[in-house]
Amino acid sequence: MCGRFALTATPEEVAEFLDLLETEGFPARFNIAPTQPILVVIAGDRQQPGSNLPEREALLVRWGFTPSWVKDPRDFPLLINARAETAIGKASFKAAMRHRRILIPASGFYEWHRPPKESGEPSQAHWIRPKNGGIVAFAGLMETWSSADGSEVDTGAILTTRANARIADIHDRMPVVIKPQDFSRWLDCKTQEPRDVADLMVPASEDYFEAIAVSDKVNKVANTCADLQAPVSRPAATPKEPPADRQLSLF
């Protein structure tokens, strides 16, 4: 899954990478958590013939997908991720897969390696970022939920897929990464049906990301400083003593 990520690039860098029509200023964010607003990119209105202006638009949505048919979000689970393998047919996501595919810019994401309890090893947080730096675009889905009083909330989720071999040592899932050359095809919900973009929902190449062990300060939403991404040494596992009847004796 993907439960935390960061976007530390400048608005200008995001606009250039995603070819946005425009984007408002925003601060660097080192610990983006569920229910918070996240920046997403949608396919905008088509420009007049001959125009060289970008067509994509940026907006803020709540991270936590709420299908339009939900009556009360308080009675519905918080859907921060959608499984790429099942999203096309799942009731919660199939309409968004057809009509509201989005891109979610990020500088990287956090993931936790949680060993079996019997191993004696502690959990370890990792900051996972593109090896070459820069911005990555996660595949996402968007839905606008309307309340009984007519108010609306734009919501979103990150699509995940099975982890590649590099990330599988940490976790069995990872966000779907859309390459720049595929941005237009992913966002085109008018001519590209879900089955037409299914080939994009695959793990990133083995050498795309690097994983850096970081402190557990990222566990707390209140911690939002750059030092969350500072490398730490991985703690060694504490060896367990064998049962008394199997311990070696020197006498």
Side-chain angles (χ1 to χ4, degrees), residues 1-11 13-14 17 26-41 58-66 73 77-84 87 93 102-115 121-131 133-142 154-164 166-178 201 203-204 208-235:
M1 64 175 293
C2 176
R4 298 285 176 85
F5 69 100
L7 178 59
T8 59
T10 67
E13 289 169 335
V14 172
F17 179 68
F26 53 81
R29 299 174 66 192
F30 292 90
N31 194 6
I32 301 172
T35 74
Q36 293 180 351
I38 59 173
L39 186 74
V40 307
V41 174
L59 67 154
L60 292 175
V61 307
R62 173 183 178 268
W63 187 14
F65 189 95
T66 305
L78 187 67
L79 302 177
I80 62 172
N81 295 154
R83 295 178 69 92
F93 302 116
I102 60 176
L103 295 170
I104 302 172
S107 300
F109 66 102
Y110 299 96
E111 194 53 85
W112 286 260
H113 174 56
R114 305 186 191 279
E121 298 179 34
S123 295
Q124 176 63 59
H126 292 81
W127 164 236
I128 302 174
R129 66 184 183 187
K131 271 187 177 179
I135 305 168
V136 58
F138 298 149
L141 301 175
M142 174 181 162
D154 292 327
T155 68
I158 295 173
L159 279 158
T160 67
T161 185
R162 61 180 175 81
N164 61 26
R166 175 66 188 87
I167 304 302
D169 288 339
I170 300 170
H171 197 276
D172 62 354
R173 305 290 297 176
M174 67 185 299
V176 173
V177 174
I178 303 297
M201 296 187 291
Y208 185 81
F209 284 116
E210 64 178 349
I212 301 166
V214 296
S215 78
D216 60 4
K217 289 190 291 185
V218 70
N219 295 356
K220 294 184 179 180
V221 178
N223 293 332
T224 59
C225 296
D227 64 355
L228 295 179
Q229 297 170 4
V232 299
S233 299
R234 290 181 176 88

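Note that the coordinates shown come from a computational prediction; the quantities given were computed from them, not determined experimentally.
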Next item on the list: Measure the shortest side-chain to side-chain distance between T35 and R62 over non-hydrogen atoms and say whether it is less than 4.5 angstrom.
Entry: yes

Notebook entry, point to check: V41 and P105: which non-hydrogen atoms are nearest, and at how many Å?
Noted result: CG2-CD, 4.5 Å

Note to self: Are R173 and R83 packed together at the side-chain level, in the sense that at least one heavy-atom pair is separated by less than 4.5 angstrom?
What the structure shows: yes

Note to self: Quick check on side chain to side chain contact (heavy atoms under 4.5 Å, CB included): which of W63, Y110, W127 does F5 satisfy it with?
What the structure shows: W63

Check: Which atom names give the shortest non-hydrogen contact between T160 and N81, and what distance separates them?
Finding: CG2-CG, 3.8 Å

Check: Regarding T8 and S107, is there a side-chain donor-to-acceptor distance under 3.5 Å anywhere?
Finding: yes

Margin query: Are the side chains of I170 and Q124 in contact, using a 4.5 Å heavy-atom criterion?
Written below: no

Notebook entry, point to check: What is the distance from atom CD of Q229 to atom CG of N31, rounded to the nearest 0.5 Å?
Noted result: 9.0 Å

Notebook entry, point to check: Out of R129, R166, K131, which residue meets the salt bridge (charged side-chain N to carboxylate O under 4.0 Å, His left out) rule with E210?
Noted result: R129

Item checked: Which atom of L141 lies closest to which atom of A82, heavy atoms considered -> CD1-CB, 4.3 Å

Check: Considering all heavy atoms of both residues, which atom of A168 and which atom of A163 are nearest to each other, and what is their separation?
Finding: N-CB, 3.8 Å

Note to self: Does any part of the side chain of V214, heavy atoms only, come nearer than 4.5 Å to the side chain of L228, both counted from C-beta?
What the structure shows: no

Note to self: Ignoring hydrogens and geometry beyond distance, is a side-chain donor-acceptor pair present between Q36 and R29 at under 3.5 Å?
What the structure shows: yes

Notebook entry, point to check: Atom CD1 in I167, atom CD1 in I128: separation rounded to 0.5 Å?
Noted result: 4.0 Å

Next item on the list: Over all heavy atoms of both residues, which pair between W112 and N219 is shortest? Give the atoms and the distance, please.
Entry: NE1-OD1, 2.7 Å

Item checked: Side-chain touch P130/Y208, heavy atoms, less than 4.5 angstrom -> yes

Notebook entry, point to check: Run the side chain to side chain contact (heavy atoms under 4.5 Å, CB included) check on I104 and L39 step by step: do they pass?
Noted result: CA-CA 6 Å; I104 302 172; L39 186 74; over 6 Å; no

Note to self: Looking at every heavy atom in both G3 and I80, which two are closest together, and how far apart are they?
What the structure shows: CA-CD1, 3.9 Å

Item checked: Between NZ on residue K217 and CG on residue D227, distance to nearest 0.5 Å -> 3.5 Å

Check: Do L59 and V40 come close enough that some side-chain heavy atom pair is under 4.5 Å?
Finding: yes

Next item on the list: List the steps and the verdict of side chain to side chain contact (heavy atoms under 4.5 Å, CB included) for D169 and H113.
Entry: CA-CA 8 Å; D169 288 339; H113 174 56; over 6 Å; no

Check: Is there a side chain to side chain contact (heavy atoms under 4.5 Å, CB included) between V61 and I38 once you walk through the steps?
Finding: CA-CA 6 Å; V61 307; I38 59 173; 3.7 Å; yes

Next item on the list: Return the orientation label for the F109 and F138 ring planes: parallel under 30°, perpendicular over 60°, tilted otherwise.
Entry: perpendicular

Next item on the list: Evaluate side chain to side chain contact (heavy atoms under 4.5 Å, CB included) for T161 paired with M174, printing each intermediate quantity in order.
Entry: CA-CA 6 Å; T161 185; M174 67 185 299; 4.1 Å; yes

Notebook entry, point to check: What's the spacing between I135 CD1 and T10 OG1 if we round to 0.5 Å?
Noted result: 7.0 Å

